[in-house]
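Residues take their numbers from the sequence shown, with the count starting at 1.
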Amino acid sequence: YLAVAGIDQTVKIFDRHGQKKNEINLPGKCVAMDWDKDGDILAVLADKSSSIYLWDANTNKTSQLDSGMRDQMSFILWSKVGSLLAVGTGKGNLLIYNQQTSRKIPVLGKHTKRITCGCWSSQNLLALGSEDKTVTVSNHEGDTIRQTTVRAEPGDIQFSVMKTDERATVRAEP
């Protein structure tokens, strides 16, 4: 599937043949969107809304999840290995939503300014960058494991994948 956000406050979803499958009408412009690890669920944030819009490819239906956040949401990202959704806000707050259990974990004050970027590691660690010129690394519950200050506002964050040295795993037998 391909999701396209337009200036008309809609997200249009197309299949691999270019046929429009669905259209999500939003109360404001699309702020951010992301597909889950399997490409089954599209999560969408809209300006002027505290809801997270979830489109399910299997049912072709859209549902709204109340974030419970009072400030404007600015960032959204699904985990690469699980059913966790991270949502950041304009005031630096964080929500971690577990799609399987429907559990919402609000983390107030993760940052002091807008969360602008982030990424999940293959171990379900969440790195977030903010306009407050800090980078945090948190576990899947939202607990801060590391925090560091950077010289400028981070624009993007990526975890690297370390290649293991195969020679180190080979043991010589006498």
Is there a donor-acceptor pair closer than 3.5 Å between any side-chain N or O of [X] and the backbone N or O of [Y]?
{"X": "D36", "Y": "W78", "value": "no"}
{"X": "D34", "Y": "A43", "value": "no"}
{"X": "D15", "Y": "Q19", "value": "yes"}
{"X": "K91", "Y": "G109", "value": "no"}
{"X": "S121", "Y": "L125", "value": "yes"}

How many angstroms lie between atom [atom1] of [X] and atom [atom2] of [Y], to the nearest 0.5 angstrom?
{"X": "L95", "Y": "L65", "atom1": "CG", "atom2": "CG", "value": "7.5 Å"}
{"X": "L85", "Y": "Y97", "atom1": "CG", "atom2": "OH", "value": "8.5 Å"}
{"X": "I52", "Y": "M73", "atom1": "CD1", "atom2": "CE", "value": "5.5 Å"}
{"X": "I76", "Y": "L45", "atom1": "CD1", "atom2": "CG", "value": "4.0 Å"}
{"X": "T59", "Y": "I41", "atom1": "OG1", "atom2": "CD1", "value": "8.5 Å"}
{"X": "L77", "Y": "C117", "atom1": "CG", "atom2": "SG", "value": "10.5 Å"}

Side chains of [X] and [Y]: does their closest heavy-atom pair fall under 4.5 Å?
{"X": "M33", "Y": "V11", "value": "yes"}
{"X": "L128", "Y": "F75", "value": "yes"}
{"X": "T134", "Y": "H111", "value": "yes"}

[Y] and [X] side chains, donor-acceptor separation under 3.5 Å:
{"X": "K80", "Y": "S122", "answer": "no"}
{"X": "T89", "Y": "D71", "answer": "yes"}
{"X": "Q99", "Y": "S83", "answer": "no"}
{"X": "N124", "Y": "S79", "answer": "yes"}
{"X": "S63", "Y": "D56", "answer": "no"}
{"X": "T10", "Y": "K12", "answer": "yes"}

Evaluate the ring planes of Y1 and W35, with Trp represented by its six-membered ring, and classify them as parallel (under 30°), tilted (30 to 60°) or perpendicular (over 60°). parallel

Applying a strict under-4.5 Å side-chain criterion to I, L, V, M, F, W and Y, I'd like to know whether L84 and L126 cluster together. yes

Hydrophobic cluster identity match, I13 and L54, side-chain contacts under 4.5 Å: no

Could you walk me through whether E141 and I105 pass the side chain to side chain contact (heavy atoms under 4.5 Å, CB included) test, one step at a time? CA-CA 7 Å; E141 297 273 319; I105 305 171; 4.0 Å; yes

Distance-minimising heavy-atom pair for [X] and [Y]:
{"X": "S130", "Y": "P154", "answer": "O-CD, 3.2 Å"}
{"X": "Q72", "Y": "K48", "answer": "OE1-N, 3.0 Å"}
{"X": "R146", "Y": "T144", "answer": "O-CG2, 3.5 Å"}
{"X": "A46", "Y": "L26", "answer": "CB-CB, 3.9 Å"}
{"X": "E153", "Y": "K133", "answer": "N-CG, 3.9 Å"}
{"X": "D132", "Y": "T112", "answer": "OD2-N, 2.8 Å"}

Show your working on side-chain hydrogen bond (donor to acceptor under 3.5 Å, both in side chains) between K110 and S138 and close with a plain yes or no. CA-CA 9 Å; K110 176 60 68 178; S138 306; 2.8 Å; yes

Do F159 and W120 have ring centroids that are under 6.0 Å from one another? no

Could you tell me whether K104 atom NZ has more than 12 heavy atoms of other residues or ligands within 6.0 Å of it? yes

Could you tell me whether I7 atom CD1 has more than 12 heavy atoms of other residues or ligands within 6.0 Å of it? no

Hey, is R114 close enough to E131 for a salt bridge, meaning N to O under 4.0 Å? yes

